[in-house]
Structure formats: structure tokens, C-alpha cells
Amino acid sequence: MNFLAHIFLSNNDNQITIGNFIADGIRGKRYKKYPINIQKGILLHRQIDTFTDAHPTVRISTKRLHKNYGHYSGVIVDILYDHFLAKNWSHYSEVPLPDYIDNFYDLLEDNFETLPIRIQKMMPHMIADNWLLSYAKIEGIQKVLNGMNKRTQNISGMNTATSELKAFYTEFETEFTSFFEELRTFTKLKLKDIEIQLNDEN
């Protein structure tokens, strides 16, 4: 899953949210240097990614893209799924999406020193261009895919994936909706397991 989903799945806990957001940049056991609730977020992020990558519904989505994008298909599906979460936000939260995102940006600014350097450098661009809110529109997804393609030195061709999004819009949305309900249930249960694990470690 991409940024918005990871943030949403953090149980409305600020420290878990930060951990979930920064987790991609935290390798191995380095999560242990953070406060306990940030550790929970980092470990939850890893569990979400593992669950997502192995899920049969997600694999249906990635298979649809594999011919044109190969191993980048999973990255694209993560981004497309965030589009459907943003687009259908009112089904999942009573807090309007712009307010929810503003609160998250405030959280990042309040905890700037805790963030890894890579996130500190990315954050101003994320806020200035309001990446998370832009996910709700196909035009916003196009910008994200353009940026991802540049990071692969234009090898991935991800910038063309909105073609498949438009062509199979209903299929992708149905797959996201079905999968996301399972993922929400999974994360609630997994958080309890992570708390037990961290209590044993500490």
C-alpha cells in the first residue's frame, strides 16, 4: 500500500502513524532506536506490505499490469489503490479528507526531528504539492506516476499506467474495495500481536 493507506491504517495513533509513514527507510533492527509506539508503526507497516504482496486479490490487479510494467506492477497497484481510498474517503472516515491530510502534515511538522533525513527532505515537496489530496484525482495519480518513472530513469514506463487505470477502472476499484476490508481487519488484529511482541522484547 502507498502513503495514504499506511497513514489511515495506523489506528488514529500519532506515534504509530509516524512509524508507519517512515518505515520504508528503517532497515532491519534499527526500528528499536525509536519510542515504542513508533516501533509499532514500523512493524505494522512491514506486516501490511507482506499481507498486501501475498494477497490473491492484489495479485489479480498486478497481473493486469505485469505485461507492460513487470516487477513495477506492485508499485503501481499501491498507488492506484491509494487513489480509490482517497476517492471514496467518506466511506472510511467521518473526517473530511482535506482536514485529515492537514492534520497529518501538522503531525509531521511537529515531529520533524524524529523523521529520517530522507523524509525530512521529501516532506516540503509533499506538503507544497499536497500529494495525498491529489491522489483523489486521476490527474494527481498521473503526476505521482510521472515522478516515479523519473526515479527509475524512465525505465519503468509507469507514467503510462493511467491508461490501464482508465481502461479497467471498475475492476481495479472492485478489487481495492474487497481487499481493503480484509486489510483493515488484518491490521487491527496484527497490532495486538505487535504489542505482545514488543512487550516481550522490552
Side-chain angles (χ1 to χ4, degrees), residues 1-10 20-21 23-25 44-102 104-105 122 125-187:
M1 302 301 290
N2 206 44
F3 291 136
L4 185 60
H6 278 292
I7 295 163
F8 176 74
L9 293 167
S10 296
N20 210 337
F21 180 67
D24 277 335
L44 181 63
H45 181 109
R46 294 176 182 179
Q47 291 291 337
I48 289 169
D49 283 356
T50 299
F51 181 81
T52 300
D53 291 345
H55 199 281
T57 301
V58 177
R59 289 187 171 183
I60 292 171
S61 294
T62 55
K63 186 176 180 180
R64 191 176 292 120
L65 299 170
H66 197 267
K67 179 180 177 182
N68 290 332
Y69 307 103
H71 67 273
Y72 295 105
S73 300
V75 177
I76 296 169
V77 168
D78 285 346
I79 294 166
L80 301 190
Y81 278 14
D82 253 17
H83 165 65
F84 292 112
L85 175 57
K87 176 201 165 196
N88 298 305
W89 183 258
S90 62
H91 296 170
Y92 302 105
S93 176
E94 294 180 359
V95 180
L97 183 59
D99 295 342
Y100 186 92
I101 290 169
D102 284 344
F104 172 68
Y105 293 154
M122 178 188 77
H125 304 287
M126 182 182 204
I127 295 174
D129 294 334
N130 207 348
W131 292 358
L132 299 179
L133 190 60
S134 76
Y135 291 163
K137 305 283 188 183
I138 292 179
E139 294 84 357
I141 295 299
Q142 182 65 64
K143 288 181 180 178
V144 173
L145 291 170
N146 287 346
M148 296 294 288
N149 186 53
K150 286 179 182 177
R151 287 188 202 112
T152 67
Q153 300 179 326
N154 302 320
I155 292 171
S156 68
M158 283 191 280
N159 57 305
T160 68
T162 49
S163 302
E164 284 86 355
L165 174 60
K166 293 173 183 176
F168 299 100
Y169 197 88
T170 300
E171 291 88 340
F172 280 123
E173 185 165 22
T174 299
E175 288 152 11
F176 163 77
T177 303
S178 169
F179 165 69
F180 200 62
E181 285 306 310
E182 293 187 45
L183 181 59
R184 292 177 73 188
T185 300
F186 170 82
T187 54

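Fair warning: this is a prediction, and the values are worked out from it, not measured in the lab.
Across L65 and L80, no two heavy atoms sit closer than the pair CD1-CD1, 4.5 Å. In terms of heavy atoms, S156 sits closest to N149 at OG-OD1, 3.0 Å. S73 and H66 get closest at one heavy-atom pair: OG-CA, 3.2 Å. Between F8 and L85 the shortest heavy-atom distance is CB-CD2, 4.4 Å. Shortest non-hydrogen contact noted between L97 and A86 is CD2-O, 3.7 Å.
Listed by chain and residue number, E175 satisfy the salt bridge (Lys or Arg N to Asp or Glu O under 4.0 Å) test with R64 (two or more places apart in sequence, or in another chain).
Under a 3.5 Å cut-off, the side chain of N20 and the backbone N or O of I7 do not form any donor-acceptor pair. In this structure, T187 contributes its side chain and R184 its backbone to a donor-acceptor pair below 3.5 Å. A donor-acceptor pair under 3.5 Å is absent between the side-chain atoms of D99 and the main chain of V95, judged by distance alone. Side-chain atoms of T174 come within 3.5 Å of backbone N or O of T170 as a donor-acceptor pair.
Residue K87 places its NZ atom among more than 12 non-hydrogen atoms of other residues, nucleotides or ligands, all under 6.0 Å distant.
Counting only heavy atoms from C-beta outward, the side chains of N88 and E173 approach each other to under 4.5 Å. Contact check for D129 versus S134: no side-chain heavy atoms found under the 4.5 Å cut-off. Between L9 and I48 the shortest side-chain heavy-atom distance falls below 4.5 Å. Side-chain contact between I79 and I76 is absent, with no heavy atoms from C-beta onward closer than 4.5 Å. Taking 4.5 Å as the limit, some side-chain heavy atom of H83 sits within range of a side-chain heavy atom of Y169. T62 has its side chain within reach of R59: a pair of non-hydrogen atoms, C-beta onward, lies under 4.5 Å apart.
Under the 3.5 Å distance criterion, with hydrogens and angles disregarded, no donor-acceptor pair is assigned to the side chains of N146 and N159. Y81 and S61 are linked by a side-chain donor-acceptor pair at a separation below 3.5 angstrom, with hydrogens and angles left out of the test. There is a side-chain donor-acceptor pair under 3.5 Å between T160 and Y69. No side-chain N or O of N2 forms a donor-acceptor pair with one of H6 less than 3.5 Å apart.
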* side chain to side chain contact (heavy atoms under 4.5 Å, CB included) between M126 and L132, worked out -> CA-CA 8 Å; M126 182 182 204; L132 299 179; 3.7 Å; yes
* After noting the C-alpha distance and the side-chain angles of W131 and M122, does the key distance pass the side chain to side chain contact (heavy atoms under 4.5 Å, CB included) rule? -> CA-CA 11 Å; W131 292 358; M122 178 188 77; 3.6 Å; yes
* How far apart are the C-alpha atoms of K137 and I141, what are their side-chain angles, what is the distance that settles it, and do they pass the side chain to side chain contact (heavy atoms under 4.5 Å, CB included) test? -> CA-CA 7 Å; K137 305 283 188 183; I141 295 299; over 6 Å; no
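Annotation: F180 is in aromatic contact with Y92 [ring centroid separation under 6.0 Å]. Aromatic ring centroids of F104 and F3 lie 6.0 Å or more apart. Aromatic rings of F179 and H55 (six-membered ring for Trp) have centroids within the 6.0 Å cut-off, being under it.
One distance of note links CD1 of I138 with NZ of K166; it measures 6.0 Å at 0.5 Å rounding. One finds the CD1 atom of I155 at 15.5 Å from the NZ atom of K150 (value rounded to the nearest 0.5 Å). Rounded to the nearest 0.5 Å, atoms CZ (R46) and CG (D49) are 10.0 Å apart.
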